[in-house]
Amino acid sequence: MNYFKSEKWVFWVMKRVLLTCLIALSIFSCADRITENVPEIALIKESPYLNHHDSAFYVGKEACRDCHYQNYVSYLRTGMGRSFGYATPAKSDAVIGPDSLIFDKHKNLFYHPFWKDSTLMVTEFRLEGSDTIHKRTERVDFVVGSGHHTNSHISVVNGYAYQIPFTYYTQEQRFDLPPGFEDGENTRFSRYLGLECISCHNGLPELVLGSQNKYKHIPVGIDCERCHGPGSIHVQRTKTGILVDTSKMIDYSIVNPRRLSKKLQNDVCARCHLQGTMVLKNGKSFYDFKPGMALTDVMDVFMPAYEGGPPTLIMASHIERMMESSCYLKTEGDISCIQCHNPHITVAETPRIVFNKVCTDCHQNSAETFHRKETFADKNITDCVQCHMLKRDSRDIPHVKITDHKISLPDNDNLSPKQFKGLVAVNNRKTDPFTKGRGYLREYETYYQNPIYLDSARVYLHPHTKKTYRVHFRAFMQYYFLTDNYGAIRHSVRANGIEKILNNFLVQQDYDNEDAWTAYRVGQAFEQNKDLGSAWAFYKKAIELAPFHDEMMNKLGSLLVLMDSIPQARKVFARVLTEHPRNDRAWVNHGFCEMQLNNISQAQRSYQMAVNLNPDNVQALVNLASLFWSVNNKEQAKNYLKRALVLSPEYRQALALKATMEK
């Protein structure tokens, strides 16, 4: 798109932009798509920033290097600049040796990371006495984390990104399971990393539509454009000699956060430093927020609010804690992150006087008192932060201490009972009830299955029960599904008409797969009622919208087995395994189909693949026991059955097979 026909035209546009900004009290994001042929001046009606337009695209931090070399080099030393990288010895902060072992007592599994030349690997194994009875080795592709607190690890298989079950906690220099893998919740190599996760720990990756964790491209490190917006227009103008004297006016081809209001400055940081339950606005994705926009245009971020109890904080929720500070409240939000933090310079390289000055600009008398008290020197206290922004444990990340961004007087722990007060949209205290209901559903499904959340969701969703908007329909299907009210799902679908739901309601392919998930939930409701034909229609719709989603494809294949369509089911499971060769459940299902088609050797291979991937897959063990029993290899059959019963003593199929063997 040719925005600029002459230099005179450009400065005329910039003049109009400045006039618009004087009139506008806030900056609005583009609400509708604009065709490439619309003149530049038309864009100003929506946003003064040209890189908010759909034609602007990301060019990568290397495009910034030539003109902004000093900032480029110093930024690469910051936590954000070092947030994500290839798994190389240079990137890793871990000191890995033969004794670098992690033991999961709940799963009875060991993990041993090691270097194979310059490639980072991890072996999962299980011991029985001195014998290794299970061993699986995977390659690590990426290291996540700057090393200030942790290094976690990612493996990529066929473009699908998964978290590896080991983390190095740099503050304590120890190896342990990653956050969320503790206390029996170790998902081993199957925790998928979706767009919500990677888009904050890194630059913006290219997620494949119809998947939850398949990427065309994963960049390396949070880059300049996460704070400045897409750079294509700015780079194009600079290369063609169109420059703006930023000492006199704003360059609207790129966002400079220091030119934004403090609210919008904080929204740039809050996109990733306000960690909570994110509820996207209808039709929005995690790609839609751009610096200079209000975060509420794209999402509301919910956090559980408590009263009483000791201070608790989440690792990456700095904005939430800052907003609880008296300084923030008394100034009505007239504080921003970049008053203290220069994003181009790491905290370690920032002189302490920089942080102190932010405080002393308002608290001059307190600063004078501080400097007169010699007792502070005895305690090695050199700045305001040491007393007023204490380092605390994080409730979501073990083995780390982080700076609490709630600026406060040194406090004693509040020993009054801790009481849950409800979910609060931290970035939008005026969020509407329906969005709040969706927040409770997402909090329940994603983080903590507290029945109170479902009760609250019902209260907030209830006024919309008579409405048939697609977004309302999706929310109620999710609510009924989470409350096991399959009858209500079927009634709602039939009341609206199955064809209408399939053809008018469940049609959108998006990065959150919302329509696909709704179809999947409806399919389960019909399957539960043994209406297999209707279930098939909705499962089929689910994988039309999410063709790379292994769980949905597995479900369709399993339904085809129930419908006695074994050859078709085998094709579905083969397709799953082509995309997801590490999916042990798909190997079990594939083996079952081969067994039904009397392909004994192939069935054995598939079952064995499942057990090699997951030694605790009880169904695979039972199926192997049954297979060996059918070919009169009774010793092998009994060994596999014994393993299955140790893992799950009440497993119905295992008990039935045991009874058969004992006859």
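Heads up: numbering here begins at 1 and tracks the sequence.
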Peer 1: Any idea which heavy atoms bring V268 and C227 closest together, and the distance?
Peer 2: CG1-CA, 3.9 Å

Peer 1: Would the distance check show the side chain of T403 and the main-chain N or O of K391 forming a donor-acceptor pair, the cut-off being under 3.5 Å?
Peer 2: no

Peer 1: Given side chain to side chain contact (heavy atoms under 4.5 Å, CB included), test Y215 with V208 step by step and report yes or no.
Peer 2: CA-CA 5 Å; Y215 298 93; V208 175; 5.8 Å; no

Peer 1: With distance as the sole test, does N617 use its side chain to make a donor-acceptor pair with the main-chain N or O of A610 at under 3.5 Å?
Peer 2: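 Judged by distance alone, no pair lies under 3.5 Å.
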
Peer 1: Are the side chain of Q171 and the backbone of K401 linked by a donor-acceptor contact shorter than 3.5 Å?
Peer 2: yes

Peer 1: In chain order, what residues pass the ring pair (Phe, Tyr, Trp, His ring centres under 6.0 Å) check against H273, with sequence neighbours excluded?
Peer 2: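 Applying ring pair (Phe, Tyr, Trp, His ring centres under 6.0 Å) to H273 gives H318.
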
Peer 1: Which heavy-atom pair separates H363 from C327 by the least distance, and what is that distance?
Peer 2: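 The answer is NE2-SG, 4.2 Å.
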
Peer 1: Indicate yes or no: does E445 engage R442 in a salt bridge with an N to O separation below 4.0 Å.
Peer 2: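 Answer for the salt bridge query: no.
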
Peer 1: In Å and rounded to the nearest 0.5 Å, what is the CG to NZ distance from L127 to K135?
Peer 2: 11.0 Å

Peer 1: Assess the residue pair S155 and R582 against the criterion (side-chain hydrogen bond (donor to acceptor under 3.5 Å, both in side chains)); give the C-alpha distance rounded to whole Å, side-chain angles, the decisive distance to 0.1 Å, and a yes or no.
Peer 2: CA-CA 12 Å; S155 175; R582 310 290 205 277; 5.9 Å; no

Peer 1: Does the pair E320/K406 count as a salt bridge with the N-to-O cut at 4.0 Å?
Peer 2: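 The answer is no: the pair does not qualify as a salt bridge.
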
Peer 1: Testing L313, I314, I397, D393 for side chain to side chain contact (heavy atoms under 4.5 Å, CB included) with I402, which one passes?
Peer 2: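 For I402, the side chain to side chain contact (heavy atoms under 4.5 Å, CB included) check succeeds only for L313.
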
Peer 1: Between the main-chain N or O of E514 and the side-chain N or O of D512, is there a donor-acceptor pair closer than 3.5 Å?
Peer 2: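 Such a contact is absent between D512 side chain and E514 backbone.
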
Peer 1: CG/L120 to CD1/I96 distance, rounded to the nearest 0.5 angstrom?
Peer 2: 5.0 Å

Peer 1: Using the ring pair (Phe, Tyr, Trp, His ring centres under 6.0 Å) criterion, which residues pair with Y160? Sequence neighbours excluded.
Peer 2: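 Counting only residues at least two positions away or on another chain, Y160 forms a ring pair (Phe, Tyr, Trp, His ring centres under 6.0 Å) with H580.
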
Peer 1: Any non-hydrogen side-chain atom of S336 less than 4.5 Å from a side-chain atom of K263?
Peer 2: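 Side-chain contact under 4.5 Å: no.
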
Peer 1: Quick one: CD on E324 to CG on L329, what's the gap to the nearest 0.5 Å?
Peer 2: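 Going from the CD atom of E324 to the CG atom of L329 covers 8.5 Å.
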
Peer 1: Under the side-chain contact (heavy atoms from CB on, under 4.5 Å) rule, collect the residues that match up with P230, sequence neighbours excluded.
Peer 2: N51, A56, Y58, K290

Peer 1: Could I get the full list of side-chain contact (heavy atoms from CB on, under 4.5 Å) partners for E551, not counting sequence neighbours?
Peer 2: W517, Y520, H549

Peer 1: Scan residues 100-111 for pairs that pass side-chain hydrogen bond (donor to acceptor under 3.5 Å, both in side chains), counting only residues two or more places apart or in two chains.
Peer 2: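 Of all non-adjacent pairs touching residues 100-111, those that pass side-chain hydrogen bond (donor to acceptor under 3.5 Å, both in side chains) are D104-N186, Y111-E124, Y111-N186.
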
Peer 1: Between the side chain of T88 and the main-chain N/O of K91, is any donor-acceptor distance below 3.5 Å?
Peer 2: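 Looks like yes, one N/O pair under 3.5 Å.
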
Peer 1: Rounded to the nearest 0.5 Å, how far does CG of N583 lie from CG of D550?
Peer 2: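 Spacing of CG (D550) from CG (N583) equals 5.0 Å.
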
Peer 1: Rounded to the nearest 0.5 Å, what's the gap from CG on L207 to OG on S199? Could you check?
Peer 2: 9.5 Å

Peer 1: List the residues meeting side chain to side chain donor-acceptor pair (under 3.5 Å) with R82, not counting sequence neighbours, and say none if there are none.
Peer 2: none

Peer 1: Going by atom types alone, do T150 and T167 pair a side-chain donor with an acceptor below 3.5 Å?
Peer 2: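 No, T167 and T150 have no side-chain donor paired with an acceptor closer than 3.5 Å.
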
Peer 1: Below 30° counts as parallel, above 60° as perpendicular, anything between as tilted: where do the rings of Y453 and Y448 land?
Peer 2: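 Perpendicular, since the angle between the ring planes exceeds 60°.
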
Peer 1: Can you name the nearest heavy-atom pair linking Q449 to P451, along with the distance?
Peer 2: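 Here Q449 and P451 meet closest at O-CD, 3.6 Å.
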
Peer 1: With rounding to the nearest 0.5 Å, note down the distance linking CG in D396 to CD in Q275.
Peer 2: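 Rounded to the nearest 0.5 Å, the CG-CD separation comes to 5.0 Å.
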
Peer 1: Looking at every non-hydrogen atom in both residues, tell me the closest pair between H112 and F125 and how far apart they are.
Peer 2: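 Heavy atoms of H112 and F125 come nearest at CB-CE2, 4.1 Å.
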
Peer 1: Heavy atoms only: give me the nearest F355-C340 pair and the separation to one decimal.
Peer 2: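 The pair with the smallest heavy-atom distance is CE2-O, 3.2 Å.
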
Peer 1: How would you list, by chain and number, every residue that makes a side chain to side chain donor-acceptor pair (under 3.5 Å) with S92, sequence neighbours excluded?
Peer 2: none

Peer 1: State whether the side chain of D267 and the backbone N or O of L295 hold a donor-acceptor pair below 3.5 Å, judged by distance alone.
Peer 2: yes

Peer 1: For H405, is the NE2 atom crowded, meaning more than 12 foreign heavy atoms sit under 6.0 Å from it?
Peer 2: yes

Peer 1: Report yes or no: does D288 contribute a side-chain atom to a donor-acceptor pair with the main-chain N or O of S285 at less than 3.5 Å?
Peer 2: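 The answer is yes, because a donor-acceptor pair under 3.5 Å joins these two groups.
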
Peer 1: If only atom types and distance count, is the side chain of Y440 paired as donor or acceptor with the main-chain N or O of L423 below 3.5 Å?
Peer 2: yes

Peer 1: Run the side-chain hydrogen bond (donor to acceptor under 3.5 Å, both in side chains) check on E443 and T277 step by step: do they pass?
Peer 2: CA-CA 6 Å; E443 178 82 10; T277 297; 2.2 Å; yes

Peer 1: Which residues pass the side chain to side chain donor-acceptor pair (under 3.5 Å) test with R395, not counting sequence neighbours?
Peer 2: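 In terms of side chain to side chain donor-acceptor pair (under 3.5 Å), with neighbours along the sequence ignored, R395 is linked to T312.
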
Peer 1: Does a side chain donor of either T431 or D300 reach within less than 3.5 Å of an acceptor in the other side chain?
Peer 2: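 On atom types as modelled, these side chains qualify, holding a pair under 3.5 Å.
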
Peer 1: For the rings on H153 and F166, is their centre-to-centre separation under 6.0 Å?
Peer 2: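 Between H153 and F166, the centre distance is under 6.0 Å.
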
Peer 1: Is it true that the side chains of D176 and H399 contain a donor and an acceptor less than 3.5 Å apart?
Peer 2: yes

Peer 1: Can you check whether T296's main-chain N or O pairs, donor with acceptor, with K281's side chain at less than 3.5 Å?
Peer 2: yes

Peer 1: Check step by step if salt bridge (Lys or Arg N to Asp or Glu O under 4.0 Å) holds for R126 and E128.
Peer 2: CA-CA 7 Å; R126 176 175 287 162; E128 191 173 272; over 6 Å; no

Peer 1: With T119, which residues qualify under side-chain contact (heavy atoms from CB on, under 4.5 Å), at least two apart?
Peer 2: M121, R139

Peer 1: Any idea which heavy atoms bring S146 and G79 closest together, and the distance?
Peer 2: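 In terms of heavy atoms, the two residues are closest at CB-O, 3.4 Å.
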
Peer 1: So does L647 have more than 12 non-hydrogen atoms from other groups sitting under 6.0 Å from CG?
Peer 2: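 For L647, atom CG is crowded (more than 12 foreign heavy atoms under 6.0 Å).
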
Peer 1: For T346, check side-chain contact (heavy atoms from CB on, under 4.5 Å) against everything at least two apart and list the hits.
Peer 2: T78, H148, A348, E349

Peer 1: Quick one: which residue pairs count as a ring-ring contact (aromatic ring centres under 6.0 Å, His included) with a foot in residues 72-98, not counting sequence neighbours?
Peer 2: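 Checked against ring-ring contact (aromatic ring centres under 6.0 Å, His included) - neighbours excluded - the pairs reaching residues 72-98 are F84-F142, Y86-F142.
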
Peer 1: Counting only heavy atoms not in K418, do more than 12 fall under 6.0 Å of its NZ?
Peer 2: yes

Peer 1: Using modelled atom types and a 3.5 Å cut-off, is there a donor and acceptor pairing between side-chain atoms of Q265 and backbone atoms of P257?
Peer 2: yes

Peer 1: Do Y192 and Y162 have their ring centres less than 6.0 Å from each other?
Peer 2: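 No, ring centres 6.0 Å or more apart.
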
Peer 1: On the ring face of F548, is K214 found with NZ or CZ under 6.0 Å from the centre and within 45° of the axis?
Peer 2: yes

Peer 1: Going by the rule side chain to side chain donor-acceptor pair (under 3.5 Å), which residues pair with N71 if we only count those two or more places apart in sequence or in a different chain?
Peer 2: none

Peer 1: Do F189 and L613 make a side-chain contact, defined as non-hydrogen atoms from C-beta onward lying under 4.5 Å apart?
Peer 2: no

Peer 1: Would you say that more than 12 heavy atoms from the other residues, nucleotides or ligands in this model lie under 6.0 Å from the CD of Q70, or not?
Peer 2: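 No, the 6.0 Å shell around CD holds no more than 12 heavy atoms from other groups.
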
